[in-house]
Amino acid sequence: MSSRSVYLICYDVCCPRRLRQVHQFLLGYKTGGQKSFFECWLTRQELRMVRAHLAELINQTEDRVHIFQLDPRMKPDCFGIAVTMAVNAPFIVI
């Protein structure tokens, strides 16, 4: 089994149709987040697939996507109604 790393995927997509496509695609990978910021636990292969598919979905001259690898040992600071997402067991992405 491949090990997973946690990534923060953020996007700013101009066209409503592309925005909906990017959002729907990332819903299949997210474990937490909100609006256009998703926390995703991905293997290296899944990360390659996500990068490739996002590159196809967006307009390279109008939209932007950022993928940050996060340190899973760091505890997040949560304020207001923010809730820390816990991933205790492996999960399957379909």
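Here the structure is a predicted model, which means the values were calculated and not measured.
Arg73 pairs by the side chain to side chain contact (heavy atoms under 4.5 Å, CB included) definition with Asp71, not counting sequence neighbours. For Arg48, the salt bridge (charged side-chain N to carboxylate O under 4.0 Å, His left out) test picks out no residue, with sequence neighbours left out.
The shortest distance between side-chain heavy atoms of Arg51 and Ile67 falls below 4.5 Å.
Between Asn59 and Thr61, the closest heavy-atom pair is OD1-OG1, 2.7 Å.
Here CE of Met49 is found 7.0 Å from CZ of Phe25. Values are rounded to the nearest 0.5 Å. A distance of 13.5 Å separates CG in Leu42 from NZ in Lys30, rounded to the nearest 0.5 Å. Rounding to the nearest 0.5 Å gives a distance of 9.0 Å between CG of Leu70 and CH2 of Trp41.
Hydrophobic clustering (side-chain heavy atoms under 4.5 Å, transitive across Ile, Leu, Val, Met, Phe, Trp, Tyr) groups Tyr29 together with Leu27.
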Tabulate below the donor-acceptor pairs under 3.5 Å that side-chain atoms of residues 5-14 make, not counting sequence neighbours, or state none.
residue: Ser5; atom: OG; partner: Gln69; partner atom: NE2; Å: 3.4
residue: Tyr11; atom: OH; partner: His23; partner atom: ND1; Å: 2.9
residue: Tyr11; atom: OH; partner: Lys35; partner atom: O; Å: 3.4

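Checking Leu26, Leu54, Leu57, Ile58 one by one against Gln21, the side chain to side chain contact (heavy atoms under 4.5 Å, CB included) holds for a single residue, Leu57.
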